[in-house]
Amino acid sequence: MSKFSADLLVRQGRLIDPANGTDALGDILIRQGKIVESRPNLPTPPDVPILMATGLVVAPGFIDIHTHLREPGYEHKETIQSGTAAAAAGGICAVAAMPNTNPPPDSSDHLQLALERAQTANVRYYPIACVTVARRGSGSLAPLEELAKLGAVAFSDDGDPVEDEALMRRALEIARDLDRPIFPHEEVKSLTTGGCMHAGEVNARLGVKGMPAAGEEEMVARDIELVRQTGGPLHIAHISTAGTAQLVRRAKADGLPVTCEVLPHHFVLTDCEVEHQGTAAKMSPPLREAADVDAMLTGLADGTIEVIATDHAPHTAAEKAQSLTQAPMGIVGLETAVGLTLTYLVDRVLSLQEAIARWTCHPARILRLPGGALTQGMPGDLTLLDLTREWEVVPAHFRSKSRNTPFAGYHLKGKAVATIVGGQIVYSELAA
Ligand SMILES: [Zn+2]
């Protein structure tokens, strides 16, 4: 049996499928990795394993379009195997992997290497290739067309911006012709270099250099203007400020092909957390102010922000034990993101169906991925949610090789309890 092409009958779940606007009790049959049928009381074909989902939500497989798996090059932090095991344990059926690896996927050979390594993946793996050679943000463009042919679903120099405006313009023109988005990390380095947290009251009190909101917003404004001129699709990574949310809102109102994502820590935490947790709360873009958190919630509620992603960024304990100014940016997220979404958003700013859409049909549409819906013929990827499960975040239990999270000890309500990829149960807490 090849990978992710199993048979499975999931019985008596609450099937929620935002793409089709449905929410009803029923069964779902997967054959050879694809969804065959879903309705109440499906007959049981012989030789098909059964998974009982009584009391659980059965959603299309969640997709995390912003993950750092660190392989090749930084396997001491994470591998494709361990990172995708973390994804499975977090209810994530597919990841799009960011290209800040060593080597980065900036050529056919380098992308082939990543794809070979990805044979070990426990969930679906989609590569995001570089915009520029060596992720320099200047110099020359990577061969985007070749990389797209090999399966790159988007282009990003994530971790760093594409600072050269002419290159970004050309990349957007090519992206338009290829119908694959440019997926930028928006940062004006001259405004942020040396900064280790948001520039506001807290960094002033701590006496460390800050990263101002303008360091994100000015690059977002530049890139939206380039979209206006080129028509190239732009998916803005990890927005974090009220100003950025407003820029995206206007761009969408103008009908531009601009979308964006938010990370759970940017709708849950503020920069105060850096004072309490130090490097565990250090990431880029940084945690912002309460008004920015409110803007993330408003942006989610009004549809400006269509995607939630993790920006899962593993670092070792030794790396994060350095000083606030020295430690690397980033936190892990694959094993907490779904619980944080269910706890902090559902029935507060989003309906359950709207929250699921931000992990399924919206990311699938933006990266042109198969899946994201329970439609017949789609990949048999399912995320099973127990909305009543109360649990504590215990980093020692993570499948990820790294433990760098500001959410240790958080009590969450709602959890992914089984993850199915192509009919194959890749993670389950359910009794056999
Ligand atoms: Zn980034």
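- Remark: side-chain polar atoms of Arg399 are not paired, donor with acceptor, to backbone N or O of Gly83 under 3.5 angstrom.
- Donor-acceptor pairing under 3.5 Å is lacking for the side chains of His315 and Lys320.
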Q: Could you give me the CA-CA distance, side-chain angles and deciding distance for Glu173 and Thr230, then say whether side-chain hydrogen bond (donor to acceptor under 3.5 Å, both in side chains) is met?
A: CA-CA 6 Å; Glu173 288 169 352; Thr230 61; over 6 Å; no

Q | Stepwise ring-ring contact (aromatic ring centres under 6.0 Å, His included) test for Tyr74 and His68 | A | CA-CA 10 Å; Tyr74 306 100; His68 298 273; over 10 Å; no

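- Side chains of His198 and Asp292: a donor-acceptor N/O pair is absent below 3.5 angstrom, by distance only.
- Paired with Thr241 under the rule side chain to side chain donor-acceptor pair (under 3.5 Å), one option of Arg288, Glu289, Glu217, Gln246 passes, and it is Glu217.
- No option in His266, His265, His312, His66 other than His66 meets the ring-ring contact (aromatic ring centres under 6.0 Å, His included) test with His238.
- The shortest heavy-atom contact between Ser156 and Phe183 is OG-O, 2.7 Å.
- The CG atom of Leu412 sits 4.0 Å away from atom OG1 of Thr343, with the distance rounded to the nearest 0.5 Å.
- Atom CD of Glu145 sits in a sparse spot, with 12 or fewer heavy atoms from other residues, nucleotides or ligands closer than 6.0 Å.
- Heavy atoms only, all atoms of each residue included: Arg358 and Glu306 are closest at CG-O, 3.1 Å.
- Within 6.0 Å of CD in Gln32 there are 12 or fewer heavy atoms belonging to other residues, nucleotides or ligands.
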